[in-house]
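See below for the structure under consideration.
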Amino acid sequence: MAIITRQEAIAELARRGAQRDLLAYTLYTWEHPTPYIVGRHTRAICGRLTRAIIDWRHGKSTFLLITVPFRHGKSELCSVSLPTFFLGNCQDLQPSVILSGYGATLVRQFSENSARKVASERYQALFPGLVAEGRMDDWHIKGSIGRVTAVGLGGGLTGKGGDLLVLDDYCKNRAEAVSKTYRDFTWDSFRNDFFTRRHDPSIVVVTATPWHIDDLRGRILKEMEQDEHFPRFEELNFPARKPGEWEYLFPERFSADWYNSQRSI
């Protein structure tokens with residue numbers, strides 16, 4: 001009988017945890033030269049998304065609105081870590097993923113980073129044998145019928161379907177946010193193209209920094225009030241400051257001076 005050292009036992013526990021929990025997975029597969037910094041919002045979002053995957057495996061859909069300030073790690077978490085964790089954790093069900101955002105270049109980068117993560121040594125230690133094949137905007141796990149499709153909001157999704165749909169940054173800047181024409185375009189693209197592609201059950205994640213009361217987030221909330229049949233989105237809202245709960249959302253990464261300077265712009 002082989003003797004396992006304490007260090008090997010700790011490493012095995014970390015590996016098993018990363019196979020089951022999104023935050024543990026994100027930390028385990030992180031390969032950037034700077035450390036991955038965890039904040040209160042990171043823990044809460046990862047916990048909710050992990051539960052959403054468990055629910056999906058049991059036939060239950062989840063609809064999430066996740067709002068956080070810019071540069072707080074939402075894209076790395078929702079558009080890179082979540083899809084690859086989902087593909088590995090649910091490989092037996094061969095799921096499909098749709099990634100979208102305000103532009104094709106943006107979501108193609110998300111897709112490319114996801115495929116690169118799948119090929120990494122760390123990922124293979126968790127989910128051995130999973131190989132990404134295809135173009136960077138349309139790829140699949142070798143041997144799987146599921147696909148990963150990356151398309152900008154308003155792009156062609158005819159014939160595509162998704163078990164996990166992530167819409168990340170539906171608005172590029174303030175100029176687009178104040179344009180009613182652009183807000184109408186975003187809503188129409190979401191309602192008539194992106195949202196119709198979901199399977200049943202599915203996980204739908206809309207994440208962004210709020211720019212306008214009438215942006216996509218605002219319209220989803222309004223639609224839920226007006227239409228009892230519209231899917232019920234659960235909102236995870238993390239403002240930069242929330243008196244009574246936190247002075248600054250992410251002090252582990254950003255100073256009070258940084259937050260105050262951003263408010264003054």
Side-chain angles (χ1 to χ4, degrees), residues 41 45 48-49 52 61-80 82-83 97-111 137 149-162 164-199 202-242 249 259 262-265:
H41 62 297
I45 292 169
R48 186 62 187 90
L49 291 173
S61 293
T62 299
F63 305 94
L64 294 176
L65 274 175
I66 302 175
T67 57
V68 295
F70 52 85
R71 298 193 62 198
H72 279 57
K74 63 176 177 53
S75 293
E76 179 66 36
L77 188 57
C78 295
S79 293
V80 180
L82 172 62
V97 176
I98 294 177
L99 302 175
S100 193
Y102 63 74
T105 301
L106 173 76
V107 295
R108 182 184 175 90
Q109 186 64 57
F110 294 154
S111 178
D137 60 348
T149 303
V151 60
L153 201 57
L157 281 172
T158 302
K160 306 291 186 180
L164 169 65
L165 294 83
V166 180
L167 176 54
D168 186 352
D169 278 333
Y170 46 77
C171 183
K172 184 178 181 180
N173 51 39
R174 194 177 303 277
E176 289 184 348
V178 299
S179 167
K180 185 176 184 302
T181 299
Y182 185 81
R183 296 197 307 273
D184 289 344
F185 161 78
T186 302
W187 176 245
D188 289 342
S189 297
F190 169 79
R191 185 74 187 265
N192 300 322
D193 299 324
F194 178 83
F195 204 40
T196 63
R197 299 295 94 197
R198 69 191 191 278
H199 291 161
S202 60
I203 302 171
V204 180
V205 179
V206 178
T207 180
T209 299
W211 287 94
H212 195 282
I213 193 172
D214 185 47
D215 65 4
L216 182 59
R217 167 182 170 268
R219 294 198 182 191
I220 288 174
L221 295 175
K222 183 177 180 180
E223 193 71 11
M224 286 195 297
E225 291 181 357
Q226 297 178 343
D227 185 354
E228 63 177 327
H229 300 295
F230 190 80
R232 303 293 97 179
F233 276 80
E234 175 185 342
E235 186 171 23
L236 304 180
N237 186 16
F238 299 95
R241 303 188 68 181
K242 192 172 184 180
L249 176 61
Y259 279 106
Q262 295 299 330
R263 290 182 64 195
S264 66
I265 294 177

How close do [X] and [Y] get, counting heavy atoms only, and between which atoms?
X    : Y    : result
A150 : S111 : CB-CB, 3.6 Å
G154 : S189 : CA-OG, 3.6 Å
P239 : P69  : C-CG, 4.3 Å
K160 : I98  : CB-CD1, 4.4 Å
C78  : P83  : O-CD, 3.3 Å
F233 : M224 : N-SD, 3.0 Å

Let me confirm one number: the [atom1]-[atom2] distance from [X] to [Y], rounded to the nearest 0.5 Å.
X    : Y    : atom1 : atom2 : answer
L99  : L167 : CG    : CG    : 10.0 Å
T149 : L165 : OG1   : CG    : 9.5 Å
I66  : N237 : CD1   : CG    : 11.0 Å
R197 : N192 : CZ    : CG    : 11.0 Å
R219 : R183 : CZ    : CZ    : 6.0 Å
I45  : H72  : CD1   : NE2   : 10.0 Å

**Asked** Between the side chains of D168 and T207, is a donor N or O closer than 3.5 angstrom to an acceptor N or O?
**Response** no
**Message:** Any heavy-atom pair between the side chains of V205 and L82 that's under 4.5 Å?
**Reply:** yes
**Prompt:** Got R217 and T67 here, is their nearest side-chain heavy-atom distance under 4.5 Å?
**Reply:**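 Contact flag for R217/T67 side chains = yes.
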**Prompt:** With K222, which residues qualify under side-chain contact (heavy atoms from CB on, under 4.5 Å), at least two apart?
**Reply:** Q226
**Message:** Applying side chain to side chain contact (heavy atoms under 4.5 Å, CB included) to Q262 and R71, what does each step give before you reach the verdict?
**Reply:** CA-CA 11 Å; Q262 295 299 330; R71 298 193 62 198; 5.7 Å; no
**Item:** Residues which pass salt bridge (charged side-chain N to carboxylate O under 4.0 Å, His left out) with D193, listed by chain and number, not counting sequence neighbours
**Value:**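 D193 satisfies salt bridge (charged side-chain N to carboxylate O under 4.0 Å, His left out) with no other residue.
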**Asked** Any salt bridge between K74 and D169, counting N to O under 4.0 Å?
**Response**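 Counted as a salt bridge, because a side-chain N and a carboxylate O are separated by less than 4.0 Å.
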Ring pair (Phe, Tyr, Trp, His ring centres under 6.0 Å) with [X]: which residues, sequence neighbours excluded?
X    : answer
F185 : Y182
Y102 : none
W187 : F190
H212 : none

**Message:** Does L65 form a side chain to side chain contact (heavy atoms under 4.5 Å, CB included) with I220? I'd like the steps, not just the answer.
**Reply:** CA-CA 9 Å; L65 274 175; I220 288 174; 3.8 Å; yes
Between [X] and [Y], is there a donor-acceptor pair closer than 3.5 Å when you use the side chain of the first and the backbone of the second?
X    : Y    : answer
S61  : S202 : yes
S100 : V151 : yes
T209 : F70  : yes

**Request:** Please say whether more than 12 non-hydrogen atoms of neighbouring residues, nucleotides or ligands are located less than 6.0 Å from CG in L221.
**Result:** yes
**Item:** S75 vs F110, side chain to side chain contact (heavy atoms under 4.5 Å, CB included): CA-CA, chis, key distance, verdict
**Value:** CA-CA 8 Å; S75 293; F110 294 154; 3.7 Å; yes
**Asked** Are R198 and F195 in a cation-pi setup, meaning NZ or CZ lies under 6.0 angstrom from the ring centre and within 45 degrees of the ring axis?
**Response**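 Geometry flag: set, cation within 6.0 Å and 45°.
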**Item:** V206/L64 under side chain to side chain contact (heavy atoms under 4.5 Å, CB included): CA gap, chis, key distance, verdict
**Value:** CA-CA 6 Å; V206 178; L64 294 176; over 6 Å; no
